[in-house]
Amino acid sequence: MSKITTIKGFADLFPPESEVYSLMEETARDVFTRYGYRELRVPVLEHTELFARSIGAETDVVQKEMYTFPDRKGRSLTLRPEATAGMMRACIEHGLQEGVSKYFSHGPMFRYERPQKGRMRQFHQIDCECLGAHEPQADAEVIFMLMHFLGALGLSGLELNLNTLGCKACRPAYRELLTAYLQGLDQELRCEDCRRRVQTNPLRVLDCKNSGCRSLTENAPTMHDNVCPDCRDHFNVVRGLLEQGGQKFVLNHRLVRGLDYYMRTTFEVVSTNIGAQSSVAGGGRYDGLVAQLGGPDVPGIGFACGMERLAMLMNTTQERRQDFFLAVLDEKALDQAMLLACALRRDNKSGDVSFAAKSAKSQLRQAGKSGARHCLILGGDEFAKGSVLVKDMRTGEQKEILQEELIKALDSL
RNA sequence: GCGGAUGUAGCUCAGUUGGCAGAGCACCUGGUUGUGGCCCAGGUGGCCGUGGGUUCAAAUCCCAUCAUUCGCCCCA
């Protein structure tokens, strides 16, 4: 019989790693709530069209990375490759309130890519979306919040990259300008991919990691120098706010995001020491997206954090702590022991109880490994007296205590 | 989709020129009739990824295949 295994690019998370993910989720909730965000839970499966319309039909994500399949009635469904589209869909479907709405979410996303370090086919993101604010103060707040969150996870050594992508008024002109510039040095472009990109997505040439391409585009016109006055003013306010707030950042004119809906402010947080997949969070403004999905013309800005990548940066040494381990030395006492343990748990104590009467030595060993503060020993003698022997695992002191006084005794020890 | 590396015990990995399948950690039992960590003794645990080939003989050499992994692409 062949073994059934996980699907390629899908992973089981055991402790302590699973606990790191819980910690990230709790921290996110704690921090985001302070900024007025509330949780939105949306489905993992959506109509394919949602993603085609929001992310961009020409992007790699939509063209070759989605888990798309027909349901039993032939409708095309897709496992979400990112969170924003579904959250926008939900907001539109249930009617947006006037003013600003702030939502966060977290959960699994799916992309059919070749797995590698920090990249799974099922991966997890924490997302924040702020709708209804076109002002640059909203951009700055979102960035402050993201950095606050990453700081609360105890991460350091991260770099915030910032850029503006212009808007639908000024980006087309820049795109032409850049294309013309790139075609001027077409022969010298070293990498194959960039030759193709000049045609399909010229902005991506700026983002190429090939050092030859990078030096060739060193003097290319930048979006930043070619945005319209409105975009320039917007970006300057964002930069000014970050500076005043003491948030360091790097202006990176090569920062071009892969999803079509981004405009104006974009940002990305990178780490230098987790291998090739260095981007741990990214986001930006997407003012046209809600309208594009059939909703009102409401502006938006948000970001996504890659939990797998954050996990690589967090130290996973969380010690196990329990209040007790209940060792049972006599078969007669097994039932009573289990009931006693449950009573302790109802009284907010945490701990394990033996289901089988084994040697004192082996159970003390087990108690030690469980990290229990006290080992409660219930053998034939204690069973007869209705008591329990309480051993302090740190000092080794032990004391016999009647079972009905146990709860009070554990508190005072 | 393209390249490179690796598959041997639960985990991390040795395994020489082709010659009985190994270590450390973990786990279990005992040393102590009912007392952990340290120490000591013993023990469980393997289709050597899978299928074929060469050979008297294959974990080892050859072919295929699957899986994992690191890069590219792309993205969080």
Side-chain angles (χ1 to χ4, degrees), chain A residues 1-3 5-11 14 24 55 58-66 81-84 106 108-128 146 150 191-194 196-197 200-201 204 207-210 255-259 262 267-271 274-284 302-313 325 327-330 333 357-372 374-383 389-398 400:
Chain A
M1 191 94 90
S2 63
K3 237 182 262 177
T5 61
T6 54
I7 299 168
K8 186 195 201 62
F10 288 63
F14 278 85
M24 280 189 263
I55 298 170
E58 298 309 310
T59 58
D60 279 21
V61 170
V62 170
Q63 289 212 319
K64 39 189 195 191
E65 295 174 359
M66 295 205 302
E82 56 102 50
T84 303
H106 62 81
M109 311 291 157
F110 305 84
R111 290 184 199 173
Y112 194 92
E113 298 180 270
R114 191 77 174 263
Q116 60 186 271
K117 192 181 178 71
R119 189 168 77 192
M120 294 285 123
R121 287 183 174 177
Q122 175 178 322
F123 60 104
H124 299 80
Q125 289 188 336
I126 294 174
D127 274 81
C128 286
L146 170 59
L150 297 174
C191 100
E192 233 16 73
D193 293 317
C194 283
R196 195 192 69 236
R197 287 184 187 126
T200 60
N201 193 348
R204 283 239 149 260
D207 195 34
C208 185
K209 280 161 197 134
N210 182 304
L255 173 57
V256 172
R257 304 200 48 79
L259 277 37
Y262 286 116
F267 51 93
E268 190 168 302
V269 180
V270 299
S271 163
I274 52 173
Q277 310 302 319
S278 61
S279 170
V280 301
F303 63 79
C305 294
M307 296 177 75
E308 279 74 12
R309 294 176 191 181
L310 293 179
M312 288 192 281
L313 296 168
F325 181 89
V328 187
L329 305 183
D330 192 311
K358 291 198 288 187
S359 76
K361 178 174 182 158
S362 114
Q363 293 193 66
L364 260 299
R365 265 203 266 257
Q366 215 178 322
K369 270 183 307 209
S370 77
H374 298 282
C375 184
L376 315 180
I377 300 165
L378 184 51
D381 298 349
E382 292 80 9
F383 180 72
L389 197 56
V390 178
K391 173 168 178 144
D392 186 314
M393 295 300 279
R394 273 185 271 185
T395 64
E397 278 173 46
Q398 31 188 75
E400 190 168 350

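Residue numbering restarts at 1 for every chain, and letters A, B, ... go by the order of the sequence lines.
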For nucleotides [N] and [M], find the distance between their [atom1] atoms and express it as a whole number of Å.
| N | M | atom1 | answer |
| --- | --- | --- | --- |
| B:U68 | B:U32 | C1' | 47 Å |
| B:C61 | B:G42 | P | 35 Å |
| B:C2 | B:C62 | P | 24 Å |
| B:U35 | B:C25 | C1' | 25 Å |
| B:G45 | B:U8 | C1' | 14 Å |
| B:G43 | B:A26 | C1' | 14 Å |
| B:C28 | B:A67 | P | 35 Å |
| B:A64 | B:A5 | P | 14 Å |

Would the distance check show the side chain of A:Arg111 and the main-chain N or O of A:Pro81 forming a donor-acceptor pair, the cut-off being under 3.5 Å?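 Judged by distance alone, yes, a pair lies under 3.5 Å.
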When you measure from the side chain of A:Gln363 to the backbone N and O of A:Lys358, does any donor-acceptor pair fall under 3.5 Å?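 Checked: pair present.
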Along RNA chain B (nearest heavy atom to each residue), the more 5'-positioned of A:Ile7 and A:Met307: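 Between the two, 5'-proximity favours A:Ile7.
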Counter-base of [N], judged by Watson-Crick or G-U geometry with both distances under 3.5 Å:
| N | value |
| --- | --- |
| B:A21 | none |
| B:C2 | B:G71 |
| B:C48 | none |
| B:C61 | B:G53 |
| B:A76 | none |
| B:U33 | none |
| B:A9 | none |

To the nearest Å, how far apart are [X] [atom1] and [N] [atom2]?
| X | N | atom1 | atom2 | value |
| --- | --- | --- | --- | --- |
| A:Glu308 | B:C70 | CD | P | 13 Å |
| A:Phe14 | B:C11 | CZ | C1' | 13 Å |
| A:Leu146 | B:A76 | CG | P | 13 Å |
| A:Lys358 | B:G30 | NZ | P | 10 Å |
| A:Glu65 | B:C73 | CD | P | 13 Å |
| A:Gln63 | B:C73 | CD | C1' | 14 Å |
| A:Phe10 | B:U68 | CZ | C1' | 16 Å |
| A:Leu310 | B:C75 | CG | P | 19 Å |

Between protein and nucleotides 34-40 of chain B, map the contacts as a letter string: B base, S sugar-phosphate only, - none, heavy atoms under 4.0 Å, written 5' to 3'. BBBB---
Test: A:Arg119 and A:Glu113 ion pair at under 4.0 Å: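 Looking at A:Glu113 together with A:Arg119, the answer is yes, because their closest N to O distance falls below 4.0 Å.
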Applying side-chain contact (heavy atoms from CB on, under 4.5 Å) to A:Phe325 and A:Gln366, what does each step give before you reach the verdict? CA-CA 8 Å; A:Phe325 181 89; A:Gln366 215 178 322; 3.8 Å; yes
Under the side-chain contact (heavy atoms from CB on, under 4.5 Å) rule, what do A:Cys305 and A:Leu310 come out as? Steps first, then yes or no, please. CA-CA 8 Å; A:Cys305 294; A:Leu310 293 179; 3.9 Å; yes
Identify whether any heavy atom of A:Lys8 sits under 4.0 Å from a base atom; if not, whether one sits that close to sugar-phosphate; answer base, sugar-phosphate or nothing.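 Sugar-phosphate: the residue A:Lys8, judged by heavy atoms under 4.0 Å, touches backbone atoms but no base.
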Apply side-chain contact (heavy atoms from CB on, under 4.5 Å) to A:Glu308 and A:Val280, showing your working. CA-CA 9 Å; A:Glu308 279 74 12; A:Val280 301; over 6 Å; no
Determine whether any donor atom in the side chain of A:Arg309 lies under 3.5 Å from an acceptor atom in the base of B:C75, or the reverse, and answer yes or no.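 Yes.
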Check: A:Arg119 side chain, B:C74 base, donor-acceptor under 3.5 Å: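 Indeed, a donor on one side and an acceptor on the other fall under 3.5 Å apart.
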Cation-pi check, A:Arg121 onto A:Tyr112 ring (under 6.0 Å, within 45° of axis):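 So A:Arg121 does make the cation-pi contact.
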Counting side-chain heavy atoms from CB outward, which of B:C27, B:C70, B:C73 is closest to A:Lys369?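 Looking only at heavy atoms from C-beta outward on A:Lys369, the closest nucleotide is B:C27.
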Quick one: closest heavy-atom pair of A:Phe267 and A:Gly302, and the distance?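 Shortest heavy-atom contact: CZ-O, 3.8 Å.
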For A:Gly379 and A:Leu329, work out which heavy atoms get closest and say how close.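 That closest heavy-atom pairing would be CA-CB, 3.8 Å.
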Using only side-chain N and O atoms of A:Gln116, determine if any of them is under 4.0 Å from OP1 or OP2 of B:G71.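 Checking B:G71 against A:Gln116, a side-chain N or O does come within under 4.0 Å of OP1 or OP2.
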